[in-house]
Amino acid sequence: MRIARRLFPIAAMLAMGCTTAMQVGQGPGTTPAITAQDLKTRLYIFADDSMMGRQFGTEGNLKGTQYIANELTRLGIQPGGEAGTYFQDVPAYRVSLTPGAQVFLDGAPLSFGTDYVTNFPASGRPIPVDSLQVIYGGDLSDTTTLISPDQVAGKALLLTVRTPLQRNPNQIISRYSAARAIITANDPRLVRPWTITMSTDTTPARVNLVVSPAVAARLAGGDPQTLRTGTPGRWLRFSSIRFTRAPAPARNVIGIIPGTDPTLRGEYVAIGAHNDHLGSRFAGPLDHDSLRTYNILANRIVEARTHATPGTPGGGLTPAERASIHVDVDSLRRIRPARLDSIYNGADDDGSGSVGTLEIAEAFAKSGVRPRRSLIFVWHTGEEAGLLGSRYFTDNPTVPRDSIVAQLNMDMIGRGSAFDFVGGGPTYLQLVGSRRLSTELGDIVEAVNRTEPTPLSFDYAFDANGHPERIYCRSDHYEYARYGIPITFFTTGLHMDYHQLTDEPQYIDYEHMRKVAQLVHDVALRVGNLDHRVVVDKPKPDPRGACVQ
């Protein structure tokens, strides 16, 4: 009974989600005003399962971008892409393993997809390799256990992970450039057997492997957790390792609303979001309700720990904490049938920003209120693959780059309540980068917010220099900032459904989302009507250098 009482609010919430989810694509037509109902109508279309998760370089992303273009056509918004269209093609390539490739362990073939999966060199060209001896290099989560780089030259390096990583593993692995292959232990079934890249580099690259824990134990000659670092293991033989590199479809969507002032309409205020997400779960479906319940409870444990001891990293869950959550999840399963789910719908990330941008575009197009400067709306592809579409657009803009006076970016603007994280609420909003290049732009955002019917409460914590989340470097606004274009990033923040199958439209706070979209609209109007360009009074970054927050 105690468990049932604890689960009831979650079960009730999930039940409401089931009812709402059946309303996909239904609802009245949109109106000139930015409304919660319009946002909901749009998002249930854009984040529907039929969009297949909108992954960069796939049919699903083409469907999502076509929906945006169709809406721009309906609204009478001017095309801003290439050749008189709404699209800017982004060069992308799909890299996959050529059939017939094989890896042998002690003469026995390993099964691709279950025993192992390779990485996919962006060039599609592997460095030739025949036979390699495996050497155990230690535990990535404990750098004190790791082997020295000079011990693995010409060998295959096996690395394990016992506890959740608190740092980027690539920074650790990069020290082993002399190894002929890097092997990590995980479930190969979780790894998609291809990749999408924009790289034009044709340099041959190292072939690395992800192997199952059982194969890792065979490679190491025993359980890696009981072995000493540097222990020699088995030999691997590679046969016919080749890759196919073929064009993949990818595109940005761009619309323009001309300004009203003949002398200023050659300048642009850019408003943007990213149109892509993560596609589908390659390893097969999971039970939606169990996953969401688990993540909700895990988030509460981690947040409670973090707030009880400020400054303590969230980290992973202990075995006891995981076991306690499974008790509740198992109880839920006994009172509800499973609802299988395999689509990463990306309702908040970044369906919310994408439809918010559409609502803003409609408001300017249909209300008769337009700024003196022009507005350029850009829905970037490939953000989830590394800000690829926004980098391509800012390197190859369809309007002069120096004519863009500011960029306002929205990524995940549909959550932010106290249910999502401690400190959230109905007016919560994170701002990032608003004064990093222009003090004036940051001041404008603050001033406009004070005039809103319900001013939002700004959280600048994630904009701090050195913040471990590096939010300033992680969304499309940075690709504009690297060229010295002042930006502001609007987000209601990360939450338990971030990059999960459970990021769906029924969990969005549409009224909260409306407030954010209205604020961005009003900031764009203010910047677009200034009698001068937004003043850049901070140092500009190196456009070819690494982002630093």
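- When only modelled atom types and interatomic distance are considered, Ser148 and Gln151 share a side-chain donor-acceptor pair under 3.5 Å.
- Between Asp476 and Val378, every side-chain heavy-atom pair lies at or beyond the 4.5 Å cut-off.
- For Ile413 against Ser352, the heavy-atom pair with the smallest separation is N-OG, 2.9 Å.
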For this session: Report the C-alpha distance between Ile360 and Met410 in whole Å, list the side-chain angles of each, state the deciding distance to 0.1 Å, and finish with yes or no for side-chain contact (heavy atoms from CB on, under 4.5 Å).
Result: CA-CA 11 Å; Ile360 294 169; Met410 292 177 286; 3.6 Å; yes

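- For the atom pair CG of Leu146 and CG of Leu140, the computed distance is 6.0 Å after rounding to the nearest 0.5 Å.
- Residues Leu388 and Thr381 fail the side-chain proximity criterion, which asks for heavy atoms closer than 4.5 Å.
- Salt-bridge check for Arg474 with Glu469: passed, with a basic side-chain N closer than 4.0 Å to an acidic carboxylate O.
- Looking only at distances, a side-chain donor or acceptor of Thr65 sits under 3.5 Å from a matching main-chain atom of Asn61.
- Looking at every heavy atom in both residues, Gly416 comes nearest to Tyr428 through O-CB, 3.6 Å.
- With respect to the salt-bridge test (charged N to carboxylate O, under 4.0 angstrom), the residues Arg514 and Glu359 do not qualify.
- Between the side chain of Asn119 and the backbone N or O of Asn208 there is at least one donor-acceptor pair closer than 3.5 Å.
- Val534 is listed as a side-chain neighbour of Pro486, based on a closest heavy-atom distance under 4.5 Å.
- Atoms CD1 and CZ, on Ile257 and Arg265 in that order, are 13.0 Å from each other to the nearest 0.5 Å.
- The closest side-chain heavy-atom distance from His499 to Glu384 is below 4.5 Å.
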Exercise. How far apart are the C-alpha atoms of Phe421 and Glu303, what are their side-chain angles, what is the distance that settles it, and do they pass the side-chain contact (heavy atoms from CB on, under 4.5 Å) test?
Worked result: CA-CA 7 Å; Phe421 45 78; Glu303 284 229 334; 3.0 Å; yes

For this session: Kindly determine whether Tyr268 and Arg373 satisfy side-chain contact (heavy atoms from CB on, under 4.5 Å), including the steps that lead there.
Result: CA-CA 6 Å; Tyr268 296 85; Arg373 289 178 176 81; over 6 Å; no

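- Taking the ring centre of Tyr472 as origin, the terminal cationic atom of Arg436 falls inside the region bounded by 6.0 Å and 45° from the ring axis.
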For this session: For side-chain contact (heavy atoms from CB on, under 4.5 Å), just list the numbers for Arg125 and Thr202, CA-CA rounded to whole Å, side-chain angles, deciding distance to a tenth of an Å, and then say yes or no.
Result: CA-CA 7 Å; Arg125 301 178 60 198; Thr202 59; 4.3 Å; yes

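- For the atom pair Phe56 CZ and Leu278 CG, the distance stands at 13.0 Å (nearest 0.5 Å).
- Shown here for Ile147 and Tyr176, the closest heavy-atom pair between the two residues is O-OH, 2.5 Å.
- Thr492 places a side-chain N or O within donor-acceptor distance of the main-chain N or O of Met412, the cut-off being under 3.5 Å.
- Remark: side-chain polar atoms of Glu479 are not paired, donor with acceptor, to backbone N or O of Thr394 under 3.5 angstrom.
- Not a single donor-acceptor pair under 3.5 Å links the side chain of Asp411 to the backbone N or O of His274.
- Between the side chains of Arg54 and Ser354, no donor-acceptor pair of N or O atoms lies under 3.5 Å.
- Between His380 and Tyr480, the ring centre distance stays below 6.0 Å.
- A salt bridge does not link Glu452 to Lys515: none of the charged nitrogens lies less than 4.0 Å from a carboxylate oxygen.
- Side-chain atoms of Asn295 never come within 3.5 Å of backbone atoms of Asp497 as a donor-acceptor pair (strictly under, hydrogens ignored).
- Between the side chains of Ser390 and Glu383, no donor-acceptor pair of N or O atoms lies under 3.5 Å.
- Just one residue in the list Val445, Val520, Val523 forms a side-chain contact (heavy atoms from CB on, under 4.5 Å) with Thr488, and that residue is Val445.
- Between the CD1 atom in Ile256 and the OG1 atom in Thr398 there is a gap of 5.5 Å [rounded to 0.5 Å].
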Problem set entry | Criterion side-chain hydrogen bond (donor to acceptor under 3.5 Å, both in side chains) on Arg74 and Thr30, from CA distance to verdict | CA-CA 11 Å; Arg74 182 177 70 86; Thr30 56; 2.8 Å; yes

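- Between the side chain of Ser374 and the backbone N or O of Gly259, at least one donor-acceptor pair lies under 3.5 Å.
- Side-chain contact of His495 with Asp348: a donor-acceptor pair under 3.5 Å is present, judged by distance alone.
- Aromatic ring centres of Tyr478 and Phe489 lie farther apart than the 6.0 Å criterion allows.
- With respect to Arg415 and Asp420, a salt bridge is recorded, a charged nitrogen being found less than 4.0 Å from a carboxylate O.
- Using a 4.5 Å heavy-atom cutoff, the side chains of Arg526 and Ile444 are in contact.
- Minimum interatomic distance between Arg206 and Pro121 (heavy atoms only, all atoms of both residues): O-CG, 4.3 Å.
- Of the charged side-chain nitrogens involved, none lies within less than 4.0 Å of a carboxylate oxygen, so that Asp531 and Arg372 do not count as a salt-bridged pair.
- Note: Leu375 CG to Glu267 CD = 12.5 Å, rounded to the nearest 0.5 Å.
- Not a single donor-acceptor pair under 3.5 Å links the side chain of Asn345 to the backbone N or O of Asp503.
- Because its NZ or CZ atom is not both nearer than 6.0 Å to the ring centre of Tyr344 and within 45° of the ring axis, Arg281 does not count as a cation-pi partner of that residue.
- The CG atom of Leu456 lies 13.0 Å from the CZ atom of Arg450; values are rounded to the nearest 0.5 Å.
- Residues Leu429 and Asp459 form no side-chain contact, since every pair of their non-hydrogen atoms from C-beta on lies 4.5 Å or further apart.
- Although no hydrogens or angles enter the test, the distance criterion places no donor-acceptor pair under 3.5 Å between the side chain of Thr118 and the main chain of Phe120.
- Annotation for Leu159 and Gly137: closest pair CD2-C, 3.8 Å, computed over non-hydrogen atoms.
- Taking each heavy atom of Lys540 and Val536 in turn, the nearest pair found is CE-CG1, 4.2 Å.
- Among Ile254, Leu358, Ile271, Asn252, the one residue that satisfies the side-chain contact (heavy atoms from CB on, under 4.5 Å) test with Trp379 is Leu358.
- Between the side chains of Thr427 and Ser457, at least one donor-acceptor pair of N or O atoms lies under 3.5 Å.
- Side-chain contact between Leu437 and Pro541 is present, with at least one heavy-atom pair separated by less than 4.5 Å.
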For this session: With salt bridge (charged side-chain N to carboxylate O under 4.0 Å, His left out) as the test, would you mind laying out the steps for Arg544 and Asp395 before giving the verdict?
Result: CA-CA 10 Å; Arg544 301 301 171 193; Asp395 283 343; 3.3 Å; yes

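- Asp201 and Ser199 share no donor-acceptor pair across their side chains, judged by distance under 3.5 Å alone.
- For the pair Arg370 and Phe364, the cation-pi criterion (under 6.0 Å, within 45° of the ring axis) is not fulfilled.
- Between the side chain of Ser96 and the backbone N or O of Trp194 there is no donor-acceptor pair closer than 3.5 Å.
- In this structure, Phe393 and Asn396 have side chains that are not in contact, with every pair of non-hydrogen atoms separated by 4.5 Å or more.
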